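Remember, it's a predicted structure, so these values are computed and weren't measured experimentally. Position 1 is the first residue of the sequence; numbering continues from there.
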Amino acid sequence: MPTIPWMPGADKATGPAPGGTGPAVVMASRLELRSLLGVPRFLVLALVILRQVRAAEGSVGVSLRAEPLKRTFWTLSAWRDQEALDAFARTDPHAVSVRRLRPGMKGAVFVFWTTGRDQVPVGWEEARRRLAEQAARETPAA
């Protein structure tokens with residue numbers, strides 16, 4: 001499961017379609033597990049959450065990238081607004097999955113930004129650049 005390409009969400013007003021203008025909130029994450037033993041569980045829950053994202057009110061789209069042998073996973077999603085993203089994050093199965101996975105996490109980086117709907121889907125290069133910048137800001141100077 002190297003990359004699941006961009007898939008549209010429940011909010012079909014994207015791109016050049018009517019109503020596809022205005023802002024979108026983008027969220028990218030980099031998630032690293034402590035052990036390879038946690039990878040199968042993470043993958044199963046990731047697929048469950050992927051399905052939830054695609055059906056969530058206000059979701060514009062989602063993509064996942066995985067490097068299972070490196071225990072590293074990335075998410076990239078776009079939302080109609082911050083309220084839609086926050087509502088999704090509080091809803092099961094996402095909310096309960098986060099609680100279950102937290103003990104096995106080595107680290108996580110999240111970044112949020114606003115872009116135009118005509119810029120969605122955002123490319124992985126942009127997401128990884130922003131995640132690297134955020135990780136650098138979060139790492140204390142030695």
Side-chain angles (χ1 to χ4, degrees), residues 1-140:
M1 179 175 133
T3 300
I4 293 177
W6 187 263
M7 295 184 289
D11 190 342
K12 304 297 185 201
T14 62
T21 60
V25 174
V26 179
M27 195 254 351
S29 67
R30 181 183 182 277
L31 309 164
E32 186 177 358
L33 302 178
R34 292 184 191 279
S35 165
L36 284 173
L37 295 174
V39 169
R41 181 180 189 191
F42 187 95
L43 289 172
V44 168
L45 291 174
L47 293 175
V48 169
I49 293 169
L50 174 69
R51 187 177 203 190
Q52 179 189 3
V53 170
R54 294 200 62 213
E57 182 179 338
S59 69
V60 176
V62 63
S63 178
L64 302 175
R65 183 172 264 187
E67 291 185 7
L69 296 178
K70 292 183 179 180
R71 306 174 331 271
T72 305
F73 303 86
W74 291 267
T75 70
L76 179 59
S77 60
W79 299 84
R80 175 183 61 226
D81 51 35
Q82 189 65 46
E83 292 77 20
L85 174 54
D86 292 344
F88 159 77
R90 289 189 305 267
T91 306
D92 289 336
H94 180 267
V96 71
S97 296
V98 168
R99 287 191 300 275
R100 288 181 183 160
L101 291 170
R102 192 169 286 133
M105 299 298 297
K106 182 177 179 182
V109 178
F110 299 90
V111 65
F112 304 84
W113 71 96
T114 302
T115 191
R117 290 235 186 157
D118 59 343
Q119 300 299 307
V120 173
V122 174
W124 275 107
E125 300 78 24
E126 173 75 5
R128 290 182 76 159
R129 180 186 65 76
R130 288 177 181 260
L131 284 163
E133 289 172 357
Q134 182 66 25
R137 284 192 290 273
E138 292 177 6
T139 304

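Note that CG of L50 is 7.0 Å distant from CZ of R54, once rounded to the nearest 0.5 Å. Interatomic distance, L101 CG to I49 CD1, rounded to the nearest 0.5 Å: 7.0 Å. Once rounded to the nearest 0.5 Å, the distance linking NZ of K106 with OG1 of T72 reads 8.5 Å. Between W113 atom CH2 and Q119 atom CD the span is 12.0 Å, to the nearest 0.5 Å.
For the pair S59 (side chain) and A10 (backbone), a donor-acceptor distance under 3.5 Å is present. When atom types are taken as modelled, the side chain of E138 and the backbone of V109 share no donor-acceptor pair closer than 3.5 angstrom.
Closest non-hydrogen pair, P5 versus S63, comes out as C-OG, 3.8 Å. Among all heavy-atom pairs drawn from M7 and I4, the shortest one is CE-CG2, 3.5 Å. Between R65 and W124, the shortest heavy-atom distance links the atoms NH1-CB, 3.7 Å. Nearest approach of P93 to V48, heavy atoms of both residues: CG-CG1, 3.6 Å.
Within the 4.5 Å cutoff, the side chain of W74 has no heavy atoms near those of the T3 side chain.
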Which pairs would a plain distance check flag for residues 26-37, meaning a side-chain donor or acceptor within less than 3.5 Å of a matching protein atom at least two apart in sequence or in another chain?
unit_1 : atom_1 : unit_2 : atom_2 : d
S29    : OG     : T75    : OG1    : 2.4
E32    : OE2    : R71    : NH2    : 3.4
R34    : NE     : P103   : O      : 3.3
R34    : NE     : M105   : O      : 3.2
R34    : NH2    : M105   : O      : 3.3
S35    : OG     : L37    : N      : 3.0

Got a list of side-chain donor-acceptor pairs under 3.5 Å for residues 85-92, not counting sequence neighbours?
unit_1 : atom_1 : unit_2 : atom_2 : d
D86    : OD1    : Q82    : NE2    : 2.9
T91    : OG1    : A87    : O      : 2.6
D92    : OD1    : V96    : N      : 3.0

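Salt bridge annotation for R129-E133: present, with a cationic side-chain nitrogen under 4.0 angstrom from a carboxylate oxygen.
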Determine whether V122 and W6 satisfy the following criterion, side-chain contact (heavy atoms from CB on, under 4.5 Å), listing intermediate values before the conclusion. CA-CA 9 Å; V122 174; W6 187 263; 6.0 Å; no
Assess the residue pair R117 and D11 against the criterion (side-chain contact (heavy atoms from CB on, under 4.5 Å)); give the C-alpha distance rounded to whole Å, side-chain angles, the decisive distance to 0.1 Å, and a yes or no. CA-CA 11 Å; R117 290 235 186 157; D11 190 342; 3.2 Å; yes
In sequence, state the C-alpha distance, the side-chain angles, and the governing distance for S77 and W79, and then conclude on side chain to side chain donor-acceptor pair (under 3.5 Å). CA-CA 7 Å; S77 60; W79 299 84; 2.8 Å; yes
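For R128, there are no salt bridge (Lys or Arg N to Asp or Glu O under 4.0 Å) partners at least two apart in sequence or on another chain.
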